[in-house]
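Worksheet: one structure, shown below.
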Amino acid sequence: MGSSNKKKKEKKKDFNKAKLKVGKAKAKAANFTDTSFKSKSIVVNQHTLAALDGVDLVGLFKQHLNQAINSKSDKLRQEALVQLTKDLSSKPIFNPVGVPNLLTKLLPLITDSVANVRTNFLKLLRALPPSDVAPHVEKILMYIRGGMTHLSTEIRSDTLSVLDWLIEVCPDETVSCPGGWLKTMNSFSSMLGWNPSVASTLSVKGWTSATKTSLNKVSKKNGEAQAKQITTLAKFLEAGFRPETPLPYDEQRYWDSIYRMPTTPNPFAYLNLWGAQRDEDGEMYPDRISRQQVFERKWRAAIKTGVMGAKQEGGVIGRAASVLDKVLRTAEEGGKKVVEEPKIEEVEEVKA
């Protein structure tokens, strides 16, 4: 009986109301959690480097770089890229790690799954000096080709924006570096489905029923994405077919090129005498003649057939295909002289 009465009293306590006393605070529950706190500092969203007195700016830059690479928070990666872009856009440029290390760590963000991260990464690239980007074009193109063949349509589209930037700042290096010409053309083939091996089976008459091989079926339905791919291809081919600017005649330079030893480091790199063996796609095509000759042999028929089919699609795809067709016709008109054997011009005797 004693135990039963004790349990009844304990249950009764649960239903008793707390007695309120005048002038005193209301009783709090037993499981009450105090969430009030006092801030000892004020955090502002925008600040400048000049206001960070006594802060290790180099360590802060490296911290932002580490967050942009390794942070699992999408928002934190985005904000870290914004801070890095501010540092690179400052006067003078603040980059304690150097452009090579910066690109090595950040280039994998080309295929990041978050659109805002990819957008801010492109803004960071645009803040880099073109002269510092030129020596690393081959490495950048390797990541670009990986993004061009990604399964996500959005990632492929954003990767083409990176390629547009690279063609804008370093057009010659983009098309002449090892693998920059044919390997990039192979990536465009995977995106557009313009495969040279099946180009002979396609015809203008049966363009609607011809077999096309593309990366996935989403890109066929997305007209804007395909139009962007064709437009970027036109920019790439235009950069590759652009005539070189002739150097003014210099008598001393002419004779030096014949009789003097070259002064540039590794002047015969294009011969690849002691380097690793490369396939045809990985070779360097340093001038317009070599690029146009290999294009005529491998890609002219496939791209010409693809352009004809795209022009019949109409809309944004048709307009983009018309621009590409104009680039091809311009290169073809200029290529009539290129394909022929170069004539040996007589060299006038130089007066003593």
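Quick note: numbers below take in every heavy atom, side chains included, and nothing from hydrogens, waters or symmetry partners. Nothing here was measured: the structure is a model prediction, and the numbers come from that model.
None of Arg118, Gln78, Arg77 except one satisfies the side-chain hydrogen bond (donor to acceptor under 3.5 Å, both in side chains) rule with Asp112; the exception is Arg77. A side-chain contact (heavy atoms from CB on, under 4.5 Å) with Leu128 is found for exactly one of Leu102, Ile93, Thr85, namely Leu102.
Remark: the Ser290 side chain and the Asp287 side chain contain an N/O donor-acceptor pair separated by less than 3.5 Å. Judged by distance alone, the side chains of Gln83 and Asp87 never bring a donor and an acceptor atom under 3.5 Å apart.
Nearest heavy atom pair, residue His64 against residue Ala80, reads O-CB, 3.3 Å. Listed here is the closest heavy atom pair of Lys311 and Ala321: CG-CB, 3.5 Å. The nearest pair of heavy atoms linking Ala320 to Ala227 is CB-O, 3.6 Å. Counting all heavy atoms, side chain and backbone alike, Ala68 lies closest to Leu81 at CB-CD2, 3.9 Å.
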- [ ] Test side chain to side chain contact (heavy atoms under 4.5 Å, CB included) on Met185 and Phe295 and set out the steps.
- [x] CA-CA 9 Å; Met185 289 298 303; Phe295 177 82; 4.1 Å; yes
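Judged purely by atom type and a 3.5 angstrom limit, Asn66 has no side-chain atom pairing as donor or acceptor with the backbone of Lys62. Distance alone, capped at 3.5 Å, is enough to place a donor-acceptor pair between the Gln292 side chain and the Ala331 backbone. Remark: side-chain polar atoms of Ser157 are not paired, donor with acceptor, to backbone N or O of Thr153 under 3.5 angstrom. The backbone N or O of Arg291 lies less than 3.5 Å from a partner atom in the side chain of Trp181, making a donor-acceptor pair.
In terms of hydrophobic clustering, with Ile, Leu, Val, Met, Phe, Trp and Tyr side chains grouped at heavy-atom distances under 4.5 Å, Val316 and Leu324 are assigned to a common cluster.
Between Asp325 and Lys304 a salt bridge is recorded (basic side-chain N to carboxylate O distance below 4.0 Å).
A distance of 10.0 Å separates CE in Met148 from CZ in Arg156, rounded to the nearest 0.5 Å. Atom-to-atom distance recorded for Leu84:CG and Asn95:CG is 9.0 Å, nearest 0.5 angstrom.
Side-chain contact check for Lys228 versus Ser161: some heavy-atom pair is nearer than 4.5 Å.
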